[in-house]
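Chain identifiers are assigned alphabetically (A, B, ...) following the order of the sequence lines, protein sequences preceding nucleic acid strands; residue numbering begins at 1 within each chain.
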Amino acid sequence: MRNRLLPVFDRLLKHHGPQDWWPGDTPFEVMVGAVLTQNTSWTNVEKGIINLKHHRLLAPESICTSSHAALAGHLKPVGYFNVKALRLRNFCRWYLEQGGYGRLSRWPTAALRRALLSVSGIGRETADDILLYAFNRDVFVIDAYTRRIFSRLGLIVGDEDYDDLRRHFEDGIKRERGARCPVGQRGERRARASIYNEFHALIVHHAKDFCRTRPRCGQCCLSSHCPSAAE
DNA sequence: ACCCAGGGTCATA
DNA sequence: TATGACCATGGG
């Protein structure tokens, strides 16, 4: 069970090129997008974010002070607009209570993750999206695409517990890089965060462009890694 | 008309 | 711990 993750990463990167994620101009926009994209296509999320921008609501203060009806109205094209309006305000209230990005960026990753998870509406994947793409922490994001692709490749079952899978990817990538530093060796955490960032972006891109139209991935750039490609 | 989308919460057993 | 209901619009 050695060197099975990074070869997939290399293949995806070579085939699709760098993805330059997350789509969003600021860390706060990334966080908003992470909440809005829960079980929702990104094209719908974009419409909602554009609405927020046009009404000058893409800031934690204005989201907190806006009425539920107004916020939910702008989030209509996103879907789940009532729950997402509530979740966005929950998150923004917490975000301001903690003193904003500058303060939060001082927190250790584990504590920041626990705090994010304490916000109603922020689950494990959303928290990890925020940690990785808004705070550049070395956290590997697990989503439905990750489960689908890697279970097709025979590297996971697919229905494992979220945190078990996250650890599996994090530990596997660490090991495959030959990183023997226990904690905090200079540059190593950032280097891993950079790989997690690109890897997850490539997974989403690959899944969108290939896995829906070719469910057995017999033709895609991962076919040589995929047991089911022989069928 | 049907299925799915870059999940999470809550009630129930 | 583990299911199921629910949230809702838009594109294939």
DNA chain C-proximal residues of residues 134-143 of chain A, any heavy atom under 4.0 Å: none
For A:V204, all residues meeting side-chain contact (heavy atoms from CB on, under 4.5 Å), sequence neighbours excluded: A:W21, A:D143, A:Y145, A:H200, A:K208
Stem regions touching DNA chain B, defined by at least 3 consecutive Watson-Crick or wobble G-U pairs below 3.5 angstrom: B:2-5 with C:9-12, B:7-13 with C:1-7
Residue-level proximity of residues 118-130 of chain A to DNA chain B when a heavy atom falls under 4.0 Å: A:V119, A:S120, A:G121, A:I122, A:G123, A:R124, A:E125, A:T126
Residue-level proximity of residues 81-91 of chain A to DNA chain C when a heavy atom falls under 4.0 Å: A:F81, A:N82, A:V83
Residues forming a salt bridge (charged side-chain N to carboxylate O under 4.0 Å, His left out) with A:D25, sequence neighbours excluded: A:K53
Partner residues of A:P77 under the side-chain contact (heavy atoms from CB on, under 4.5 Å) criterion, sequence neighbours left out: A:K47, A:N51
Those residues that, when tested against A:R124, pass side-chain contact (heavy atoms from CB on, under 4.5 Å) (two or more places apart): A:R113, A:L117, A:D161, A:Y162, A:D163
Covered region of DNA chain C, 5' end to 3' end, by chain A [heavy atoms, under 4.0 Å]: C:dC7 to C:dG11
Summary of salt bridge (Lys or Arg N to Asp or Glu O under 4.0 Å) pairs that have at least one residue in residues 74-95 of chain A, sequence neighbours excluded: none
Toward the 5' end of DNA chain C, by each residue's nearest nucleotide, A:T43 or A:T40: A:T40
All side-chain hydrogen bond (donor to acceptor under 3.5 Å, both in side chains) counterparts of A:R114, not counting sequence neighbours: none
Atom pair distance, as rounded to whole Å: CD in A:Q38 and P in B:dG7: 8 Å
Side chain to side chain donor-acceptor pair (under 3.5 Å) pairs, two or more places apart, involving residues 61-70 of chain A: A:H68-A:N82
